[in-house]
Number of protein chains: 2
Amino acid sequence: MVRAGLSTERLVLAGAELADEAGFDQVTVSALARRFDVKVASLYSHLKSSRDLKTRIALLALEELADRAAEALAGRAGKDALRAFADAYRDYAREHPGRYQAARFRLDPETAAASAGGRHAQMTRAILRGYDLTEPEQTHAVRMLGSVFHGYVDLEAAGGFSHSAPDSQESWTRILDALDALLRAWPAP
Amino acid sequence: MVRAGLSTERLVLAGAELADEAGFDQVTVSALARRFDVKVASLYSHLKSSRDLKTRIALLALEELADRAAEALAGRAGKDALRAFADAYRDYAREHPGRYQAARFRLDPETAAASAGGRHAQMTRAILRGYDLTEPEQTHAVRMLGSVFHGYVDLEAAGGFSHSAPDSQESWTRILDALDALLRAWPAP
DNA sequence: GTGTATGCCTAATATGCTTAGGCAAGTGCC
DNA sequence: GGCACTTGCCTAAGCATATTAGGCATACAC
């Protein structure tokens with residue numbers, strides 16, 4: 001019997017691909033076993049559980065997303081940085097819908113703390129260096145930007161903006177314009 | 001054998017309660033059957049499927065949410081309306097986390113079209129009457145507000161703002177202030 | 001009171017998750 | 001090359017959920 005050559009990394013990667021193809025909720029150990037033409041139980045040498053698999057895919061997605069955002073941010077500032085960062089986010093979600101869903105998977109607190117989640121907040125804060133905000137207003141702004149990006153991408157993925165004018169791309173552009181204007185004229189408390 | 005007195009409405013309502021107590025993903029026909037001390041198969045006279053159950057809970061939540069938002073909006077305008085509407089949204093999500101999750105359940109297009117989803121967009125548009133935006137800027141603003149509200153509530157529910165200063169309530173207030181300022185000074189295209 | 005509709009049941013099938021224990025393919029040592 | 005040992009994948013079995021088919025008894029209509 002030829003061995004399939006399973007490993008945790010290969011399984012997680014295949015799981016991420018499966019998520020993008022069929023949706024994160026279709027990611028099951030059974031589906032993964034079928035994909036490798038292997039019996040389900042065989043995966044349990046490499047994965048602790050179904051939840052373990054999902055957690056690892058989520059961590060992968062968070063990492064990839066942070067990498068992309070970091071690359072987008074490099075060498076940019078102000079509105080340019082804002083746009084590049086936001087686009088990195090949105091593009092990732094459009095190219096990898098399943099992975100993006102995975103990134104929204106509820107991790108347990110300690111896993112979340114060790115994840116790339118912190119980098120995301122850090123980068124959002126970096127964008128704000130191009131604007132003139134004091135603490136704690138900066139934190140409020142970080143939270144607002146995170147909300148808009150996540151909320152928009154999520155609603156767009158849900159098809160919220162698909163069958164109506166104007167184009168989603170146009171709204172996205174205008175919203176980023178508006179956010180830039182807002183950050184430049186952030187109201188005093 | 002005493003009959004349990006099942007009905008679609010009772011099941012949906014119990015499902016919504018179960019969602020709030022244990023999370024929307026814990027809502028299963030099996031769990032619901034246990035709750036009524038009845039065999040699982042018995043539910044299938046009242047529900048087409050597990051997905052049917054979830055869909056109905058989602059529609060209930062969308063309806064309740066729209067009702068609350070409408071009540072909040074009544075007799076208000078401008079920033080006052082913005083705050084009341086946003087708070088209705090956030091409060092509902094905090095009081096009924098499972099129902100709120102349900103409201104985010106991906107409905108098939110035709111069900112979505114017949115849902116209370118349209119009322120939500122309509123009300124958001126009504127808020128904007130208090131500001132001076134032309135079409136299509138108004139649509140962009142509707143989408144932005146939807147994104148912020150949904151995004152913030154979602155991140156808050158995920159615990160994103162819980163273990164860090166400043167207080168989530170404070171950020172929420174400041175973000176609404178900022179949105180009001182933005183809508184009053186919406187940048188030209 | 002009898003007839004009938006219907007509410008809940010038993011039974012059976014399918015999919016998915018998980019653990020326990022076995023065999024054989026690969027690895028290291030002589 | 002032959003040996004022991006590790007380990008990768010297997011069979012087997014148990015448990016939960018979803019769903020359908022068909023049965024019996026309760027509740028209501030007349």
Side-chain angles (χ1 to χ4, degrees), chain A residues 1-60 98-99 101-102 104-108 111, chain B residues 1-60 98-99 101-102 104-108 111:
Chain A
M1 186 155 305
V2 180
R3 296 195 174 182
L6 304 181
S7 73
T8 305
E9 299 87 83
R10 286 193 65 196
L11 288 172
V12 171
L13 214 53
E17 281 162 21
L18 178 58
D20 285 336
E21 290 163 20
F24 187 58
D25 45 322
Q26 296 301 308
V27 174
T28 66
V29 280
S30 301
L32 212 49
R34 276 193 294 276
R35 185 167 271 235
F36 282 92
D37 200 23
V38 136
K39 298 298 170 184
V40 186
S42 306
L43 303 195
Y44 281 80
S45 323
H46 308 280
L47 301 169
K48 282 216 298 281
S49 65
S50 177
R51 183 174 176 81
D52 180 41
L53 168 64
K54 288 177 187 152
T55 299
R56 287 173 188 275
I57 297 174
L59 292 174
L60 171 70
R99 280 165 154 99
Q101 266 185 281
R104 311 274 342 120
F105 183 66
R106 199 68 68 85
L107 302 171
D108 53 287
T111 309
Chain B
M1 186 154 305
V2 180
R3 296 196 175 180
L6 303 182
S7 73
T8 305
E9 298 87 81
R10 284 193 65 195
L11 288 172
V12 171
L13 214 54
E17 281 161 23
L18 178 58
D20 285 336
E21 290 163 20
F24 186 58
D25 45 322
Q26 297 301 308
V27 174
T28 66
V29 280
S30 302
L32 211 48
R34 277 193 293 276
R35 185 167 271 235
F36 281 93
D37 200 22
V38 135
K39 297 298 169 184
V40 185
S42 306
L43 303 194
Y44 282 81
S45 322
H46 307 280
L47 301 169
K48 279 216 300 284
S49 66
S50 177
R51 182 174 176 80
D52 180 41
L53 169 64
K54 287 176 188 153
T55 299
R56 286 174 189 275
I57 297 174
L59 291 174
L60 170 70
R99 280 164 153 101
Q101 266 185 282
R104 310 274 341 121
F105 182 65
R106 198 69 67 83
L107 302 171
D108 54 288
T111 309

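Below, chain A is the first sequence line, B the second, and so on; all start at residue 1. Worth saying up front: this structure is predicted, and the values here are computed from it rather than measured.
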A:Lys39 NZ to C:dT18 P, in whole Å, measures 18 Å
query = Given A:Leu43 and A:Phe36, is the side-chain contact (heavy atoms from CB on, under 4.5 Å) satisfied, shown in steps?
reply = CA-CA 10 Å; A:Leu43 303 195; A:Phe36 282 92; 5.5 Å; no
CG of B:Leu32 to OG of B:Ser50, rounded to nearest 0.5 Å, is 10.0 Å
Atom CG of A:Leu47 and atom P of D:dG8 are separated, to the nearest Å, by 13 Å
Ordered by number, residues from residues 20-34 of chain B within less than 4.0 Å of DNA chain D (heavy atoms) are B:Thr28, B:Val29, B:Ser30, B:Arg34
Can you find a side chain N or O atom of A:His46 that sits less than 4.0 Å from OP1 or OP2 on D:dC9? yes
Pairs under 3.5 Å (N/O, protein and nucleotides 20-24 of chain D):
none

Taken in chain and number order and not counting sequence neighbours, the residues that satisfy side-chain contact (heavy atoms from CB on, under 4.5 Å) with B:Thr111 are B:Thr55, B:Leu59, B:Leu107, B:Asp108
Atom CZ of B:Phe36 and atom P of C:dC9 are separated, to the nearest Å, by 13 Å
note: B:Leu18, atom CG; D:dT17, atom P; distance rounded to Å ~ 11 Å
So the salt bridge (charged side-chain N to carboxylate O under 4.0 Å, His left out) pairs with at least one residue in residues 11-20 of chain A (sequence neighbours excluded) are A:Glu17-A:Arg35, A:Asp20-A:Arg99
With a cut-off of less than 4.0 Å, is there a side-chain N or O of B:Ser50 near OP1 or OP2 of D:dA18? yes
Atom NZ of A:Lys54 and atom C1' of C:dG16 are separated, to the nearest Å, by 10 Å
Sorted by chain and number, sequence neighbours left out, side-chain contact (heavy atoms from CB on, under 4.5 Å) with A:Ser49 holds for A:Arg51, A:Asp52
The side-chain contact (heavy atoms from CB on, under 4.5 Å) partners of B:Ser7 (sequence neighbours excluded) come to B:Glu9, B:Arg10
Sub-4.5 Å side-chain heavy-atom contact between B:Ile57 and B:Phe105: no
Applying side-chain contact (heavy atoms from CB on, under 4.5 Å) to B:Ala41 and not counting sequence neighbours gives none
Do the side-chain N or O atoms of B:Ser45 get closer than 4.0 angstrom to the phosphate oxygens (OP1, OP2) of C:dC8?
no
Is the shortest side-chain heavy-atom distance between B:Arg56 and B:Leu11 below 4.5 Å?
no
